[in-house]
Each structure stands twice: as structure tokens, then as C-alpha cells.
Amino acid sequence: MHPAEGLLQQLKPGTGWDQHLAGEFSQPYMRQLAEFLAAEEAAGNVLYPPSARCFNALNSTPLDRVSVVILGQDPYHGPGQAHGLCFSVRPNVPPPPSLVNIFKEIQDDLGIAPPDHGCLQPWAEQGVLLLNSVLTVVQGQAGAHQGKGWETFTDKVIETVNREREGVVFLLWGSYARKKGRHIDRTRHLVLEGPHPSPLSAYRGFFGCKHFSRANEWLSRNGQSPINWALPSRNELIARYQK
């Protein structure tokens, strides 16, 4: 079996993504990417997230449920952090600085106190597609898998949402995300842009952007369910996913 076929098997059937993206796995760029990932693993490199979790964003948020898209860039490259959702970390890992700033803005915008963890899985299961542009990285090597083909694949994901869904809110933070979302049809979707929540740029306009309340107002006006941006406690979350 070609590595691309093994990669395709990590995409959960019945999510809608399998139907719309299966053809990508026979494209030359994706076959080369799969061969590259297999070679990385064969060489003993530790990949984050593990290959079985690289499509967690797609598997957690079926296409027909996508109502909000948040675009990130690369997975976290520290041990135990990345689990396939942009900005999110596993429940037992302290929230990184950008995520801390996201929680600060939610508190200012909606009055929701920051949680005691940084796992955004409950958002994904409500319809928030937490999509990184690049879906894997090598431990300790930020950006190691940029330019290997993931960007082309995730462009196809965005194109699919743009084409197949109506009234989606796209949250594009920072110049990289804005460029990634340049082809979104703004007559059919709401695009909210702002600085990246990184400590280096959050004070330039991410704080005070009120993207979370604006997203919910848009969804409500368009007959969709607003997102509950409040997260359960760490203990509740762990209990929920251990069942």
C-alpha cells in the first residue's frame, strides 16, 4: 500500500471530507508528501501530532457542521502539545501564550473566565474548524514540514468550505492567515481579520477585536446556532473523553 493510501485511511469516513478530498490523495503532491512523512518516521523523527491525529480538525468537525473556521499555521513542536487542532493543546499542557491571549479576548468580549487548560476540542465538536495550514511538524523543529505539500491540501479544505457551505465565519489572525484566506467569497461568508494573538502582536488590535461576539451575532442572524466559547474544566474534559 502506498503511504498516501495509509494517510487517507486516517480521514474518518462519513464526515463529508472523505467524499470531497479523497481525490487529493492520488495527486502527485500528496503522494510525495505521504512518502516524505513515511521517510521522516522511518528515520526516527518524532512527528507532532502523531500521524493518526494529523486530521483531527477534519475528523472532529464534519463538513456539514462547519460554521466557524479559525486558521493557524503550524502545529506546536513541543512534546505532548499538538493534537491536530490549531492553537489547542492537550488538557494536561499549559496554554501557550497565543492561546492565553485568545482566552483574554474572550473574557473581555463575552465575560467568560479563562479555563484551567488549553484544549479546544469542545469548540471543534460544535462546528469550529481549527485548521492549521501545515498539519505535521518534527519535534523541536518549528516549521520543519512547511513547503512539503500540506499547504496545497489545506487550501483545498478552505476551497471546499467556501464552495459547499453558506454563511461561515472565517477568523483570520495575522498576515499568514489573511493570505491563506484570500479566495474566500465574502458575499457568502463573513471574514473577520485582525492581528495574530501572539504576545508580539496582540496589542496591535487583536485585543478588543470582539471577533467571538461578532461571530455569534452573525451565526444567529443567519439562523445558525452560536458557539458556546466557554470550555468545561480540565477535570470535566478529561472525564468526558475517557468515557
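Here, residue 1 is the first one in the sequence, and each next residue gets the next number. Note that the coordinates shown come from a computational prediction; the quantities given were computed from them, not determined experimentally.
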Test Y48 against Q81 for side-chain hydrogen bond (donor to acceptor under 3.5 Å, both in side chains), laying out the working first. CA-CA 8 Å; Y48 294 139; Q81 291 182 304; over 6 Å; no
Is a side-chain donor-acceptor pair under 3.5 Å present for E166 with H189? no
Any donor-acceptor pair under 3.5 Å from T154 side chain to S133 backbone: yes
ring-ring contact (aromatic ring centres under 6.0 Å, His included) contacts touching residues 78-102 (sequence neighbours left out): F87-W173, F87-H196
What residues, two or more places apart in sequence or in another chain, satisfy ring-ring contact (aromatic ring centres under 6.0 Å, His included) together with W123? W229
For P122 and P232, work out which heavy atoms get closest and say how close. CG-CD, 3.9 Å
Walk me through it: do E125 and Q121 pass the test side-chain hydrogen bond (donor to acceptor under 3.5 Å, both in side chains)? CA-CA 6 Å; E125 292 172 4; Q121 188 74 33; 3.2 Å; yes
Is it true that atom NZ of K156 has more than 12 heavy atoms of other residues, nucleotides or ligands lying nearer than 6.0 Å? no
Just jot down the side-chain hydrogen bond (donor to acceptor under 3.5 Å, both in side chains) partners of W150, sequence neighbours excluded, or say none. T136
Where the side chain of Q224 meets the backbone of G167, is there a donor-acceptor pair that is under 3.5 Å apart? yes
side-chain hydrogen bond (donor to acceptor under 3.5 Å, both in side chains), that's the test. Do S233 and N235 meet it? Break it down for me. CA-CA 5 Å; S233 71; N235 287 340; 5.6 Å; no
Any idea which heavy atoms bring L237 and C119 closest together, and the distance? CD2-CB, 3.3 Å
Please name the pair of heavy atoms, one in L63 and one in R165, separated by the smallest distance, quoted to 0.1 Å. O-CD, 3.0 Å
Do other residues, nucleotides or ligands put more than 12 heavy atoms under 6.0 Å from Y29 OH? yes
Closest non-hydrogen atom pair between R178 and P195, with its separation: NH1-N, 4.4 Å
Do the side chains of V161 and L192 join up, straight or via other hydrophobic residues, at under 4.5 Å, putting them in one cluster? no
Close aromatic pair by centroid cut-off 6.0 Å: F206 and H211: no
If you measure from CD1 on I70 to CD1 on I102, what distance do you get to the nearest 0.5 Å? 6.5 Å
Taking the six-membered ring for Trp, is the centroid-to-centroid distance between F153 and F25 below 6.0 Å? yes
Before accepting this row, confirm whether a basic side-chain N of the pair K180/D155 lies closer than 4.0 Å to the acidic partner's carboxylate O. yes
Between Q126 and N228, is a side-chain hydrogen bond (donor to acceptor under 3.5 Å, both in side chains) present by the stated rule, with each step listed? CA-CA 8 Å; Q126 290 182 73; N228 178 10; 5.4 Å; no
Please determine, by modelled atom types, if Q146 and D74 share a side-chain donor-acceptor pair under 3.5 angstrom. yes
Ion pair E193/K179, N-O distance below 4.0 Å: no
